[in-house]
Asks: 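I'd like to ask some things about the structure below.
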Amino acid sequence: MHSRSHVGFTLIELSIVLVIIGLIVGGVMVGKDLIKSAEIRKSINSLEQVNTAVNTFKMKYGCVPGDCTNTTSLFSGISAGNGNGYIDNWSLESLAAVDSLRAANLLSDALVEITSGTPLYNGSHYIRGHNNSWSYLYYADLYSVGGGAVTPSVPAVLSSAQLFGTTITWTNWINVTGCFNGEAVSANDASRIDQKLDDAIPQTGKFIAFDAKDVNGTCSGYPGRCWNTGQNSYKNSEYAGCRIIYYLQ
């Protein structure tokens with residue numbers, strides 16, 4: 001008579017395996033959280049660095065970067081502004097603002113992205129934003145594109161006092177009529193940053209989030225995915241559906 005032996009896992013062995021799997025999954029989740037936290041800190045630090053650079057420039061030169069009427073005498077190869085106290089010409093003053101900050105050694109090269117593409121953007125300097133989005137300095141915001149010309153379009157949520165404040169924008173270029181500003185930041189990331197910098201509400205304060213479509217709502221390919229209309233609260237989404245403007249202090 002031959003005896004049979006049954007080979008298998010005991011309850012203790014199964015428990016050990018489950019514990020190991022749990023530790024691995026937990027470690028992966030913690031790692032993702034740490035990476036995300038680092039991304040958020042990096043973006044917040046970038047905003048603070050730009051804010052400091054602009055304020056330092058104003059104190060040193062007595063004018064807003066990009067808007068100075070004597071820019072050409074201060075820095076070689078950078079166009080002068082109109083001196084009205086705010087950055088109101090996107091194709092001239094906004095680009096000159098970034099170049100002026102770099103020329104004054106106030107903005108590190110690590111924060112600057114030299115774009116390429118269509119002639120309108122080729123060789124222009126932009127500030128690197130969240131998720132490597134393209135950022136720029138301007139007053140109020142945002143843009144809509146029509147008939148091949150870039151014109152400022154002011155969001156209705158902005159107060160009259162905000163219309164001439166200096167902002168930095170996080171967006172992605174979409175060079176299509178009616179779809180100039182694309183998604184750059186997820187609603188969850190925007191909420192995380194807003195909580196640390198401002199009031200955690202997308203449409204108020206100094207950190208303002210917009211849906212990833214043009215201001216006038218004509219860009220059908222980019223439906224609102226950033227905040228809940230009527231509730232003024234961020235959506236619970238990791239989808240990059242937000243554009244951001246941040247008012248420098």
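Since we're looking at a predicted model, the values are computed, not measured.
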Asks: Heavy atoms only: give me the nearest Ala184-Ala240 pair and the separation to one decimal.
Replies: C-CB, 4.3 Å
Asks: Do Tyr234 and Asp194 have a side chain donor and acceptor closer than 3.5 Å?
Replies: yes
Asks: Taking Tyr247's backbone N and O only, do any of them form a donor-acceptor pair with Gln249's side chain (distance below 3.5 Å, no angle check)?
Replies: yes
Asks: Enumerate the residue pairs fulfilling side-chain hydrogen bond (donor to acceptor under 3.5 Å, both in side chains) with a member in residues 38-52, sequence neighbours excluded, ordered by first and then second residue.
Replies: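 Sorted pair list: Lys36-Glu39, Ser43-His130.
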Asks: Do Trp227 and Ser233 pass the side-chain contact (heavy atoms from CB on, under 4.5 Å) test, and can you show the C-alpha distance, the side-chain angles, and the key distance before you say yes or no?
Replies: CA-CA 6 Å; Trp227 63 294; Ser233 61; over 6 Å; no
Asks: Taking atom types as modelled, find out whether Asn82 and Asp88 have a side-chain donor-acceptor pair closer than 3.5 angstrom.
Replies: yes
Asks: Hey, mind stepping through Tyr126 and Val112 against side-chain contact (heavy atoms from CB on, under 4.5 Å) and telling me if it holds?
Replies: CA-CA 6 Å; Tyr126 295 91; Val112 176; over 6 Å; no
Asks: Taking the side chain as everything from C-beta on, heavy atoms only, tell me whether Ile87 gets closer than 4.5 Å to Ser94.
Replies: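 With C-beta onward as the side chain, the pair touches.
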Asks: How close do Leu101 and Ala53 get, counting heavy atoms only, and between which atoms?
Replies: CD2-O, 3.6 Å
Asks: Can a side-chain donor-acceptor contact be found between Glu238 and Asn188 if the only test is distance below 3.5 angstrom?
Replies: yes
Asks: Tell me, please, which residues at least two apart from Leu23 pass side chain to side chain contact (heavy atoms under 4.5 Å, CB included).
Replies: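 Here the qualifying residues are Val19.
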Asks: If we only count heavy atoms from C-beta on, is the Arg243 to Cys226 side-chain gap below 4.5 Å?
Replies: no
Asks: How far does CG of Asp99 sit from CD1 of Ile78, to the nearest 0.5 angstrom?
Replies: 5.0 Å
Asks: Apply side-chain contact (heavy atoms from CB on, under 4.5 Å) to the pair Tyr86 and Val64, showing each step before the final yes or no.
Replies: CA-CA 6 Å; Tyr86 54 94; Val64 176; 5.9 Å; no
Asks: Mind checking the CD1-CD1 spacing from Ile208 to Ile245? Nearest 0.5 Å is all I need.
Replies: 4.5 Å
Asks: Does Asp67 use its side chain to pair, donor to acceptor, with the backbone of Gly81 at less than 3.5 Å?
Replies: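 Side chain of Asp67 to backbone of Gly81: no pair is present.
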Asks: Please name the pair of heavy atoms, one in Cys63 and one in Asn70, separated by the smallest distance, quoted to 0.1 Å.
Replies: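 Taking Cys63 first and Asn70 second, the nearest heavy atoms are SG-OD1, 4.4 Å.
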Asks: Measure the OG1-CD distance between Thr71 and Glu93 for me, rounded to the nearest 0.5 Å.
Replies: 8.0 Å
Asks: If you look at every heavy atom in Ser135 and Arg128, which pair is closest and at what distance?
Replies: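 Closest approach of Ser135 to Arg128, heavy atoms only: OG-C, 3.9 Å.
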Asks: Which word best sums up how the rings of Tyr138 and Tyr136 line up, parallel for under 30°, tilted for 30 to 60°, or perpendicular for over 60°?
Replies: perpendicular
Asks: Group every Ile, Leu, Val, Met, Phe, Trp and Tyr by side-chain heavy-atom contacts under 4.5 Å, then state whether Leu92 and Ile127 land in the same group.
Replies: no
Asks: Return the CD1 to CG distance between Ile168 and Leu248, rounded to the nearest 0.5 Å.
Replies: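 The distance works out to 6.5 Å.
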Asks: Please evaluate residues Leu47 and Phe207 with respect to the criterion side-chain contact (heavy atoms from CB on, under 4.5 Å), reporting the C-alpha separation (whole Å), side-chain torsions for both, the decisive distance (0.1 Å), and the verdict.
Replies: CA-CA 11 Å; Leu47 291 177; Phe207 187 90; 4.3 Å; yes
Asks: Are Leu197 and Val185 connected in the hydrophobic side-chain network, where two residues link if heavy atoms are under 4.5 Å apart?
Replies: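 Linked within one cluster.
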Asks: For Ser191 and Ala187, indicate whether the former's side chain and the latter's backbone hold a donor-acceptor pair under 3.5 Å.
Replies: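 Not at all, since once roles are kept as given, no pair shorter than 3.5 Å links the two residues.
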Asks: How close do Ser186 and Ser237 get, counting heavy atoms only, and between which atoms?
Replies: CB-O, 3.8 Å
Asks: Side chains of Thr204 and Asp199: is there a donor and an acceptor less than 3.5 Å apart?
Replies: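 Result is yes, a qualifying pair exists.
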Asks: Please round to the nearest 0.5 Å and tell me the distance separating atom OG1 of Thr167 and atom CD1 of Ile244.
Replies: 11.5 Å
Asks: What's the spacing between Cys242 SG and Asp189 CG if we round to 0.5 Å?
Replies: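 If I round to the nearest 0.5 Å, the distance is 9.0 Å.
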